[in-house]
Amino acid sequence: MSIALPIAGARRGACPSLDAPMQTGDGLLARLRVAGGRLTPAALGKLASIAGSFGNGAIEITARGNLQVRGLRAAGTAPFARAVEAVVGIERGLVVETPPLAGSDPYEVLDPRPLARTIRDGSAALAPRLGPKVTVIVDGNGQLNLADLKTDIRLVAMAGGGWTITAGRHYFGATAQPAQAALAVLSLLASHGPDARATDLDHIQLLAALGHLCTDAPAPLQPGTTPIGRLDLKTTGVVGLGLPFGASPFRALVDLAAMAPRHGVTEFRLAPHHALLAIGADSRLIEDLTDSDFIIDPADPRRRISACIGSAGCGSGHIAARQVANRLAGIMDHHADLHVAGCAKGCAHPRRAALTLVGRPDGYGLVISGTAGDTPVTVLRADQLEIALGAAAQG
């Protein structure tokens, strides 16, 4: 008997199953929405071991804070699913995201979790008619916000109480009925079928659904935040760790889980931007991880680089993208972002980047202010990368 898990690319309706996960260049891909994004140290260690046993030896945290395991084989998907659900709960249904410190962030304006639950419960009947990528963000506007993540509906807490709402590309101001407003947009999306996203809806359609529920109000200020380094909760401290290029060897996470209790870590929380928050961690955890591959400094240049696994684990890759990215990290200007793609599909960063390096049969294509699928301005040899990228980053 197979156990249903949310798998990238599966349509919502009947529960998506590991019997039909996404096929990638290095096998099958499972993306796991861990319930609440919360893991005990023991659960993190077990999940990492499961990934090592069934996948390609690495475990990934996505830009949205989900776990991802690649390199699965068809015969192993059912036992993989059983092993995962024996360790953690898996969320299904509409994706409703809240910041990773929701409810315990001393800087948040409102706790977003009750509203998120109301929207999630109220959308159950609509779920079969919504696309799998439709997303609602409910943001309490604390020290870690979700302002950088794309979404169909965004609710943000206002100073003094209340919520503002954005749907698709349009901001509609404040609403005293945030759950009703979100469900109105979801109903509109459902009426257009599972391929519809809020960006496909025009302003007149959205205004008809939301106009009577909203009043004018300025958009809340949401400064950029980083999940890396020391953070504060109401009763304890937090250390945010980044996974270089979103991935870590499973054994590194097993070791991290094993050391966690002696550093006071009671829980790990998955966070956007490929991060993992160690709740309750003392300052010695950072010291003990100084020589590891985890990112512990917000200024680490690897945070500005996206890279897929490349030829090290994908049949489509022409270059070992993460090794190349690691080699180039030290030359990147602090204003430039770099995408190193194993091939022109650009899976790790579908959007535009200041600089994109694309693996090709004849070398490394360099794209300026574009995507991996764009025509490169030049093709470089391996020994030309540092000079060419350094000059491009400066200007």
Side-chain angles (χ1 to χ4, degrees), residues 7-9 21-31 51-52 54-63 68-74 242-250 252 273-274 293 295 300-333 336-394:
I7 299 301
M22 177 184 284
Q23 181 68 53
T24 67
D26 56 340
L28 300 173
L29 163 68
R31 187 174 299 145
F54 290 94
N56 63 6
I59 193 165
E60 299 177 347
I61 299 178
T62 70
Q68 199 159 265
V69 179
R70 294 178 178 271
L72 297 169
R73 298 293 174 257
L243 273 60
F245 320 120
S248 172
F250 82 94
H273 309 300
H274 315 289
D293 283 336
I295 296 174
D300 191 308
R302 292 174 295 175
R303 296 194 63 228
R304 300 191 301 278
I305 304 177
S306 302
C308 64
I309 194 169
S311 60
C314 177
S316 300
H318 297 291
I319 59 172
R322 287 175 182 157
Q323 288 90 327
V324 173
N326 199 57
R327 167 184 153 191
L328 296 173
I331 67 169
M332 292 307 300
D333 180 84
D337 58 298
L338 170 65
H339 174 201
V340 183
C343 70
K345 290 186 292 184
C347 299
H349 188 83
R351 301 179 301 281
R352 296 165 65 91
L355 303 172
T356 299
L357 201 61
V358 187
R360 297 160 49 104
D362 58 346
Y364 302 75
L366 177 61
V367 177
I368 307 294
S369 297
T371 69
D374 292 340
T375 301
V377 297
T378 188
V379 177
L380 304 168
R381 301 188 310 268
D383 62 343
Q384 297 174 314
L385 295 181
E386 278 83 357
I387 293 176
L389 266 292
Q394 292 297 325

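None of these values were measured; they are calculated from a predicted model.
Once rounded to the nearest 0.5 Å, the distance linking CG of Asp300 with CD1 of Ile295 reads 4.5 Å. Atoms CG and OG, from Asp374 and Ser369 in turn, are 10.0 Å apart once rounded to the nearest 0.5 Å. To the nearest 0.5 Å, atom CG of residue Asn326 and atom CZ of residue Arg302 are 6.0 Å apart. The distance from the SG atom of Cys314 to the CD1 atom of Ile309 is 8.0 Å, given to the nearest 0.5 Å. To the nearest 0.5 Å, atom CD1 of residue Ile305 and atom CG of residue Leu338 are 5.0 Å apart. Taking OH from Tyr364 and OG1 from Thr356, the interatomic distance works out to 15.5 Å, rounded to the nearest 0.5 Å.
Residue pairs meeting the salt bridge (Lys or Arg N to Asp or Glu O under 4.0 Å) criterion with at least one member in residues 350-361, sequence neighbours excluded: Arg360-Asp362.
Of the possible polar contacts, none joining the Thr371 side chain to the Pro350 backbone as a donor-acceptor pair under 3.5 Å is found. For His274 (side chain) and Gly242 (main-chain N/O), no donor-acceptor pair under 3.5 Å exists by modelled atom type.
The minimum heavy-atom distance between Ala51 and Val69, with the atom names listed, is CB-CG2, 3.9 Å. The minimum heavy-atom distance linking Cys343 with Ser316 is given by the pair CB-O, 3.3 Å. Looking at every heavy atom in both residues, Ala307 comes nearest to Ala321 through CB-O, 4.0 Å. In plain terms, the two heavy atoms of Ala320 and Ser311 that are nearest each other are N-OG, 3.1 Å. Of all the heavy atoms in Ala341 and Gly346, the pair that sits closest is CB-CA, 4.2 Å. The shortest heavy-atom contact between Arg327 and Glu386 is NE-OE2, 2.6 Å.
Under the 4.5 Å side-chain criterion, counting only non-hydrogen atoms from C-beta, Thr375 is not in contact with Val367. Side chains of Leu72 and Leu29 form no contact here, defined as non-hydrogen atoms less than 4.5 Å apart.
Taking the charged nitrogens against the carboxylate oxygens, Glu60 and Arg322 do have a contact shorter than 4.0 Å, which makes a salt bridge.
Residue-environment remark: CD1 (Ile387) stays at or below the threshold of 12 foreign heavy atoms within 6.0 Å.
Between Leu385 and the choices Val324, Ile331, Val340, the side chain to side chain contact (heavy atoms under 4.5 Å, CB included) rule is met once, by Val324.
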